[in-house]
Amino acid sequence: MDIDLNGMSLKELKELQAQVAKAINGYEDRKKKEALAELDERARAMGFSLAELTGLTPTRKRSPAVAKYANPADASDTWSGRGRKPRWFEAALKAGKKPDDLAI
């Protein structure tokens with residue numbers, strides 16, 4: 001594959017560079033996935049999981065939190081009670097409402 005780099009404009013060279021970088025990253029990702037699949041298969045053939053052999057714990061996936069509070073001005077705007085309080089919740093508390101008043 002011969003490419004005449006001297007005949008290309010700066011814009012074309014930069015596009016080519018971006019394409020090459022993307023191709024390299026894709027290649028590396030594919031090879032890593034193939035290696036992990038092969039190692040996982042070999043570990044299972046021996047009666048282990050890959051996580052057991054590497055000492056890593058598999059990541060747990062949490063289910064989405066259930067909404068507990070709703071914005072009185074817009075019922076579709078909800079909050080689960082986890083994380084930072086939304087502005088509408090704090091404003092309602094400052095206005096004298098209790099969390100139970102905003103509960104769904």
Side-chain angles (χ1 to χ4, degrees):
M1 179 169 101
D2 290 330
I3 299 175
D4 181 21
L5 298 177
N6 293 328
M8 296 176 78
S9 69
L10 180 61
K11 182 180 178 184
E12 291 172 333
L13 287 170
K14 288 190 181 249
E15 287 175 1
L16 179 63
Q17 182 182 24
Q19 290 174 357
V20 168
K22 187 176 180 181
I24 289 171
N25 288 335
Y27 180 83
E28 289 174 346
D29 289 343
R30 280 193 313 275
K31 286 298 183 180
K32 285 178 185 178
K33 286 179 184 177
E34 290 173 8
L36 277 173
E38 184 178 331
L39 290 173
D40 190 41
E41 187 178 313
R42 292 194 61 189
R44 286 180 194 224
M46 294 179 171
F48 299 101
S49 72
L50 191 57
E52 287 176 318
L53 295 176
T54 58
L56 299 175
T57 56
T59 56
R60 276 190 354 199
K61 296 194 178 194
R62 292 185 180 185
S63 59
V66 178
K68 294 181 183 178
Y69 304 102
N71 184 348
D74 179 11
S76 66
D77 192 9
T78 59
W79 180 50
S80 67
R82 293 185 187 171
R84 191 173 185 176
K85 294 177 187 170
R87 289 185 181 124
W88 59 262
F89 190 83
E90 289 183 352
L93 293 179
K94 286 181 183 177
K97 292 194 177 191
K98 296 181 182 177
D100 292 339
D101 298 335
L102 303 171
I104 296 177

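All of these numbers come straight from a predicted model, not from anything done at the bench. Residue numbers start at 1 and run along the sequence shown.
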For the atom pair CZ (R44) and CG (L50), what is the distance rounded to the nearest 0.5 Å? 9.0 Å
If you count every heavy atom of other residues, nucleotides or ligands that lies below 6.0 Å from D2 atom CG, does the total exceed 12? no
Residues forming a salt bridge (charged side-chain N to carboxylate O under 4.0 Å, His left out) with K32, sequence neighbours excluded: none
Write down the atom of K68, the atom of S80, and the distance for their closest heavy-atom approach. CD-O, 3.3 Å
Co-membership, hydrophobic cluster, residues L13 and I24, 4.5 Å side-chain: yes
E52 CD to M46 CE distance, which is reported to the nearest 0.5 Å: 13.5 Å
Can you tell if the side chain of E34 reaches within under 4.5 Å of the side chain of E38, non-hydrogen atoms only? no
Among D77, L102, T78, which residue satisfies the side-chain contact (heavy atoms from CB on, under 4.5 Å) criterion with Y69? L102
When you check the gap from the basic side-chain N to the acidic O, do D29 and K33 get nearer than 4.0 Å? no
Could you tell me whether a side-chain N or O of N25 sits under 3.5 Å from a main-chain N or O of K22, the two making a donor and an acceptor? no
So, taking the atom named CD in E90 and the one named CZ in R87, what distance separates them when rounded to the nearest 0.5 Å? 9.0 Å
T54 versus L39: any side-chain heavy-atom pair under 4.5 Å? no
Do you know the tightest heavy-atom contact between A43 and S49? CB-C, 4.2 Å
Find out if a path of hydrophobic residues (ILVMFWY) with successive side-chain heavy-atom gaps under 4.5 Å connects I104 to W79. no
For W88, what residues pass the ring pair (Phe, Tyr, Trp, His ring centres under 6.0 Å) criterion, not counting sequence neighbours? none
Distance in Å, Q17 CD paired with L10 CG, rounded so as to fall on 0.5 Å steps: 9.5 Å
